[in-house]
Every structure is written in C-alpha cells, then in structure tokens.
Amino acid sequence: MSPPDPSFAGPSLSGVPSGTPVLLLHDSLSRRTGPFAPIDPDHVRVYYCGPTVYDLAHIGNLRAMVSADLLVRLLRRLYPRVTFVRNITDVDDKINARAAELGIPIEVLTARTTADFHADLTAVGILPPDVEPRATHHVAEMVALIGRLIDSGHAYAPDGAGAGHVLFSVRDFSGYGALSGRDPDALLAGARVEIAPYKRDPGDFVLWKPSEPGLPGWASPWGRGRPGWHIECSAMAHRYLGESFDIHGGGSDLLFPHHENERAQSLCGWPGSHFANVWLHNAMLLVDGEKMSKSLGNFLTVRDVLAEAPGEALRLLLLGTHYRSALNFTREALAEAKRTLDRFYRALARAGSPAASGVPPAVTACLCQDLNAPGAIAVMHALADAALAGDAGAGASLRAAGALLGLLGVEPDAWFRGGGEAEPDIEAAISERLAARKARDFARADAIRADLLARGIVLEDGAGGTTWRRA
RNA sequence: GGUCCGGUGGCAGAGUGGUGAUGCAGCGGACUGCAAAUCCGCGAAUGUGGGUUCGAUUCCCGCCCGGACCUCCA
C-alpha cells in the first residue's frame with residue numbers, strides 16, 4: 001500500500017480557489033464535524049481557557065495547549081489574520097490556599113507560576129497567544145457584565161445569609177445545558193451540587209462572592225468581593241474578541257460546568273450574540289490508564305517529562321494521537337517519539353539545506369480533517385523515506401511540514417550534538433579508535449565505542465567516516 | 001443513576017460502504033571487522049450478536065468492555 005499521495009490537495013468547496021483546502025472541525029455544541037466558516041474570513045478569532053496559576057503545568061494541561069497551538073498554526077496558514085486569546089486565571093481559591101500554604105504573597109505565586117508556564121510552553125514549541133489577559137486586570141469588565149445580568153433578570157444578589165453574592169439563575173436561560181448535553185432538571189439530582197440556602201435553584205452558580213479581609217477583593221455594587229470562576233472568560237473573550245467570535249476551546253473536562261456557564265453568561269449578557277460559533281474540546285490524557293489531574297495527585301509535570309526527553313519529543317508524542325481521543329502517556333511512547341525525531345532529523349541532514357518548500361498539500365489536507373495530526377505525521381514518514389533516499393525536495397517538504405506542526409525547528413547538527421560535554425574529547429576518542437581499527441585492534445576500538453556509549457555518545461561508521469551523536 | 005465518547009495487528013495509532021495507512025516491536029536478508037544508521041522482504045488487526053445493503057471495519061439496534069463529565073480540573 002502506498003502512502004498518502006503528497007500531491008493530493010484535499011477537499012475543496014466550489015467558490016473557494018482550488019488548492020485551498022476546507023477546514024473541517026468537530027463542534028462540541030452541534031456534535032458534528034463540518035466546514036469551518038469564519039464570521040470574518042479576514043480575521044479569525046479564537047479563545048482558549050488558559051491555566052489557573054497556582055502550580056506547575058502538567059502534561060495534561062499541555063495537551064490542551066498543544067491542541068490549541070496546532071489549531072492556531074493551521075488557521076494562520078489558511079487565513080490572513082488570526083487573533084488568539086488565552087487567559088491566565090490569577091484569582092482563585094486554590095491560588096489563595098497555595099499561597100497561604102507556602103507563606104508567600106499571592107502575587108509572587110501567580111507571577112512565578114505564570115513564568116514557569118511560559119517556559120514550559122516554549123520548551124514544547126508552543127507559540128504565545130496574541131493576547132494573554134489576566135483575570136485580575138479585568139475585574140471591571142466582570143463587574144459590568146454581572147451588572148448587565150442582574151439588570152436583565154438573569155442574575156440575582158440574595159439578601160441575608162447570601163448577602164454579597166451574585167448568582168446566575170439557570171432557570172432564566174432556556175438554552176442552559178445545550179452545550180454539555182444536560183437536562184437542567186437532571187442536574188439538580190447531582191450530589192455534588194453545592195446546596196446553599198440562598199440559591200433560588202441548586203444549579204445556580206456564583207458570579208461574585210464576598211471576600212474575607214486578607215484575601216484578594218475588589219469594590220463592587222455588592223460589596224468587597226471577588227469573581228466566580230466562569231465570569232472571567234466571558235468578560236475577557238468579549239473584551240478582546242467581541243460578542244460573537246469563531247472558536248472557543250479547552251479540555252473536555254471544561255465542557256461542564258465551565259463552558260456551559262460561560263456560554264450562559266455571555267448569551268444572556270449580550271442578547272442576540274452567538275458567543276462562540278464552534279466549540280473544540282480535546283480528550284483527556286491518561287497516565288497508566290487513569291486520568292491525570294491535580295486533584296488526584298498522580299500528575300506528571302511538564303518539567304518531569306522534560307528532564308527525560310527533549311520538548312520536541314513530548315510535542316510529537318502529544319500530536320501522535322488525535323486530539324479528541326484519549327491519550328495514554330507512557331515512557332515507552334516518549335522514547336519512541338524521540339527515535340522518530342532522530343529519523344526525521346537524519347532525513348533532513350541527508351537532504352542538506354535545500355531551498356525553502358511549501359507545506360505538502362497532503363499534510364495540510366490531513367490537518368484540515370479536524371486536525372488529523374497523526375495522518376500528517378504519517379505523511380512526514382513518507383517524506384523522510386524519500387529524503388533518506390536522496391530526494392532533497394522531500395527533505396525541504398519535510399521541514400515545511402514540521403514547521404506547520406511546530407516540529408523540526410532546529411538544525412540536525414544541533415539535534416544530534418547539542419549540549420553536553422565538550423566535543424574535542426569526543427573527536428580525540430574517535431581518532432584513537434580509528435587508529436585502533438586500522439591496526440585491526442578491534443577489541444580496543446570496541447572498548448572506546450562502549451566507553452563513549454556509556455557517556456551517551458553513539459558512534460556511526462559510515463562511508464564518509466565516523467560520525468557521532470548523542471543518544 | 002444520567003449524559004457523552006470510544007473499542008482496529010504484540011504495542012501505538014489513522015482512514016474508509018467494496019479486498020485495512022503509518023510508526024515501534026518481531027522475523028529473514030543486504031551493508032558493517034562487529035555495531036549503529038540505512039535499505040529490501042515477511043508475518044500480524046477492525047470487541048460481540050443482530051439489522052440495512054449486492055457488499056459493513058465504516059450506517060442502525062442490542063450486549064459486553066473501557067474512558068470522560070455530572071459545580072476542583074486541560
């Protein structure tokens with residue numbers, strides 16, 4: 001069976017210039033995969049939920065970020081302008097608790113965690129968003145939105161025991177539950193709903209709550225307080241992307257309640273708007289078959305993994321499973337991803353430094369099929385085969401394909417030899433081994449090779465002499 | 001219990017109403033002093049029972065199994 005034909009241009013719609021593939025995306029709201037039609041084809045607008053900055057990012061968090069990065073990279077190739085907004089949640093009870101636990105100011109914790117987050121994302125080739133709003137910088141917008149919701153009867157500020165709170169009334173939004181496929185009545189049966197006596201309905205959720213002295217708080221019409229979790233995304237998405245925008249994404253665990261509530265707030269706050277036209281949700285990442293989460297304590301941080309393998313290998317591993325399928329992380333798969341990159345870089349080295357190439361249509365076509373990155377990687381394998389056989393053009397195509405996927409960004413030499421101990425020592429050992437081989441002292445030659453291997457250096461005897469690389 | 005998603009070779013993992021990609025592993029061979037890398041070749045899969053169809057891995061229903069969500073979560 002032959003690999004996908006690299007000349008295949010993919011599906012196209014009439015009226016669209018031939019050769020321009022149509023992007024198909026799976027929308028969580030409609031539960032269908034269909035053509036993506038931007039509100040403004042000249043300016044695509046995307047919002048993704050970013051991290052709550054109280055702890056190091058784990059590789060499950062990273063999966064959502066890589067999924068978003070792939071989407072945005074593809075959109076930038078297909079459309080002239082893309083605005084990608086990804087927030088930082090820097091006001092949250094977990095943050096307050098962690099800062100108190102560590103005995104450090106909240107601002108120190110959030111600043112440090114944000115910096116760590118950025119470093120981790122950079123290490124796996126994730127490009128920064130166009131706007132990265134922080135919740136604490138947008139409290140005014142949240143207060144304004146809450147005011148609109150109260151004025152329109154979608155939210156209420158209870159008296160008595162609930163004084164200082166503002167709650168969203170799920171009963172006053174007929175579309176509640178549509179995104180997550182839930183019947184509002186059925187939700188009431190949920191045992192984990194916090195039953196507060198001041199709620200009109202057990203499903204009502206907090207928009208604003210009073211803040212104790214010593215904890216972050218802002219003045220508001222309802223007294224000093226702090227925002228609930230969901231309101232920030234509604235407020236910030238509106239500020240930077242408008243009432244209606246194209247794509248909203250995040251992990252599938254955010255579908256309910258977070259995204260359901262965001263949607264309710266925004267649709268009620270700006271009647272007639274659509275909020276997000278398409279909802280994208282990536283499936284969970286598992287470790288040893290179990291969902292990894294901060295609450296379960298079984299999580300691997302991005303740093304844990306980067307200590308074992310290059311960031312690019314982790315990225316390839318994450319891209320190797322379609323974003324809507326569960327991904328079970330294993331060390332074996334991480335090692336395999338690293339070896340795959342070895343082969344790709346070997347192919348690039350073999351192909352030399354040819355002129356720049358466009359992204360192979362087959363790669364774009366795969367990605368346009370609801371971000372089928374595994375399919376795109378399969379095409380890259382075929383290109384690597386051709387490049388290894390001496391096809392310089394295939395090498396250029398491989399590099400271009402890698403660029404679209406955020407891979408193969410360094411030179412082969414840096415990939416194989418970057419970092420580590422000084423090279424003169426290695427070269428000297430190779431010279432000594434060469435002399436031994438010429439003298440047919442293979443025991444000595446093999447001892448030198450074994451010694452280098454123990455230090456992480458692999459020797460390869462080729463027609464052009466002996467080369468080395470780091471294992 | 002409710003809602004949703006999924007079960008593809010030893011493993012990972014795509015696509016598809018008409019004899020099932022790709023990678024890893026395995027086996028045989030070439031090359032090599034031996035390796036490494038590379039190349040050639042080989043074997044290997046659609047959970048289960050029905051239905052629709054000329055034909056189902058694909059569409060529909062039941063069953064079994066797994067996962068996610070059901071107000072901390074990416």
Side-chain angles (χ1 to χ4, degrees), chain A residues 1-4 28 31 48-52 54 57-68 92-94 97 177 180-183 185-195 202-206 228-230 249-258 260-261 281-286 289-296 299 316-317 320-322 324-328 330 332-333 335-337 339-340 342-343 346-347 350 366 369 372-382 384-385 388-389 437 440-443 445-446 449-450 453 458-463 466-469 471:
Chain A
M1 191 64 200
S2 60
S28 302
R31 294 172 183 75
Y48 257 77
C49 291
T52 298
Y54 72 101
H58 60 61
I59 56 177
N61 301 128
L62 189 67
R63 187 181 194 199
M65 299 300 107
V66 168
S67 297
D92 179 274
D93 289 354
K94 290 191 295 295
S180 55
R182 277 159 222 281
D183 175 354
D185 292 321
L187 285 175
L188 309 189
R192 292 167 68 180
V193 174
E194 181 192 352
I195 307 295
D204 291 353
F205 55 91
V206 171
W229 175 32
H230 319 295
S252 64
D253 51 352
L254 294 183
L255 202 42
F256 189 88
H258 186 52
E260 188 72 61
N261 292 354
H281 290 94
N282 59 275
M284 295 295 95
L285 182 148
L286 310 177
E290 271 201 313
K291 189 183 85 161
M292 185 179 61
S293 70
K294 292 182 178 179
S295 59
L296 290 177
F299 63 90
L316 179 63
L317 168 61
T321 297
H322 184 85
R324 287 193 290 112
S325 296
L327 189 165
N328 190 23
T330 64
E332 292 72 23
E336 183 178 328
R339 287 196 300 273
T340 297
D342 284 342
R343 182 178 170 84
R346 208 168 272 130
R350 173 71 178 81
C366 283
Q369 299 287 326
N372 183 3
I377 292 167
V379 175
M380 290 174 71
H381 278 289
D385 287 344
L388 283 164
R437 290 179 71 206
R440 302 199 67 77
D441 181 1
F442 295 121
D446 290 350
R449 185 171 64 194
L453 183 60
V458 178
L459 296 190
E460 299 181 343
D461 297 327
T466 298
T467 58
W468 64 272
R469 64 180 167 89

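By convention in this document, chain letters (A, B, ...) are assigned in the order of the sequence lines, proteins followed by strands, and residues within each chain are numbered from 1.
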What integer distance in Å separates [X]:[atom1] from [N]:[atom2]?
X      : N     : atom1 : atom2 : value
A:L254 : B:A74 : CG    : P     : 6 Å
A:H258 : B:A74 : NE2   : C1'   : 11 Å
A:R339 : B:U22 : CZ    : P     : 19 Å
A:L286 : B:G6  : CG    : P     : 15 Å
A:H281 : B:C5  : NE2   : P     : 14 Å
A:E332 : B:C11 : CD    : P     : 13 Å
A:E460 : B:A36 : CD    : P     : 10 Å
A:W229 : B:A74 : CH2   : P     : 7 Å

Under-4.0 Å salt bridge between A:R339 and A:D342: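 Not counted as a salt bridge, because no side-chain N and carboxylate O are separated by less than 4.0 Å.
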B:C39, OP1 or OP2 - any side-chain N/O from A:R343 closer than 4.0 Å? yes
A:R346 side chain near B:U38 phosphate (N/O to OP1/OP2, under 4.0 Å): yes
With hydrogens left out and only the distance checked, is there a donor-acceptor pair under 3.5 Å joining [X]'s side chain and the base of [N]?
X      : N     : value
A:R449 : B:C34 : yes
A:R437 : B:G33 : yes
A:R63  : B:A74 : no

Report the distance from atom CZ of A:R449 to atom CG of A:D461, rounding to the nearest 0.5 Å. 6.5 Å
Measuring from atom CG of A:N261 to atom CG of A:D204, what distance do you get when rounded to the nearest 0.5 angstrom?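 If I round to the nearest 0.5 Å, the distance is 10.0 Å.
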Between [N] and [M], how far is it from one [atom1] atom to the other, in whole Å?
N     : M     : atom1 : result
B:C65 : B:G26 : P     : 35 Å
B:C31 : B:A36 : C1'   : 12 Å
B:G13 : B:G7  : C1'   : 13 Å
B:G6  : B:C63 : C1'   : 16 Å
B:U58 : B:U53 : C1'   : 13 Å
B:C40 : B:A68 : P     : 42 Å
B:A37 : B:G18 : C1'   : 41 Å
B:C34 : B:U16 : P     : 47 Å

Give none if [N] has no partner; otherwise give the nucleotide forming a Watson-Crick or G-U wobble pair with it, both distances under 3.5 Å.
N     : answer
B:C31 : none
B:G66 : B:C5
B:G17 : none
B:G26 : B:C42

State which residues pass side chain to side chain contact (heavy atoms under 4.5 Å, CB included) with A:S180; sequence neighbours excluded, sorted by chain then number. A:R182, A:L255, A:F256, A:E260
Would you indicate what A:L459 reaches in the nucleic acid, counting non-hydrogen atoms under 4.0 angstrom: base, sugar-phosphate, or nothing?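 Answer is base: heavy atoms of A:L459 come under 4.0 Å of a base.
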When all nucleic acid strands are considered with a 4.0 Å heavy-atom cut-off, which category describes A:L62: base, sugar-phosphate, or nothing?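 Nothing, no nucleic acid heavy atom in range.
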Contact list (N/O, under 3.5 angstrom) for nucleotides 12-14 of chain B vs protein:
unit_1	atom_1	unit_2	atom_2	d
B:G13	OP1	A:T321	OG1	3.3
B:A14	OP1	A:H322	N	2.5
B:A14	O2'	A:N372	ND2	3.1

Nearest heavy atom decides the nucleotide; on that basis, is A:N282 or A:P257 closer to the 5' end of RNA chain B?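 Closest to the 5' end, via its nearest nucleotide, is A:P257.
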Of A:D446 and A:S180, the one whose closest nucleotide on RNA chain B sits nearer the 5' end is A:S180
Measure across A:G320 and A:P374 and return the closest heavy-atom pair with its distance rounded to 0.1 Å.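 Looks like O-CG, 3.5 Å.
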Testing the basics here: between A:C366 and A:G375, what is the closest heavy-atom pair and its distance to 0.1 Å?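 Answer, listing the atom of A:C366 first, then A:G375: SG-C, 3.6 Å.
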Check this for me: A:R31, atom CZ, are more than 12 non-hydrogen atoms of other residues, nucleotides or ligands nearer than 6.0 Å? yes
A:L285 and A:H58: CA distance, side-chain angles, deciding distance, side-chain contact (heavy atoms from CB on, under 4.5 Å) verdict: CA-CA 10 Å; A:L285 182 148; A:H58 60 61; over 6 Å; no
Can you tell me which nucleotide in B:C70, B:A37, B:A74 comes closest to the side chain of A:D253?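 Side chain of A:D253 sits closest to B:A74.
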Can you tell me if A:R350 uses its side chain to pair, donor with acceptor, with the backbone of A:A384 under 3.5 Å?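 No; judged by distance alone, with no hydrogens or angles, the pair does not exist.
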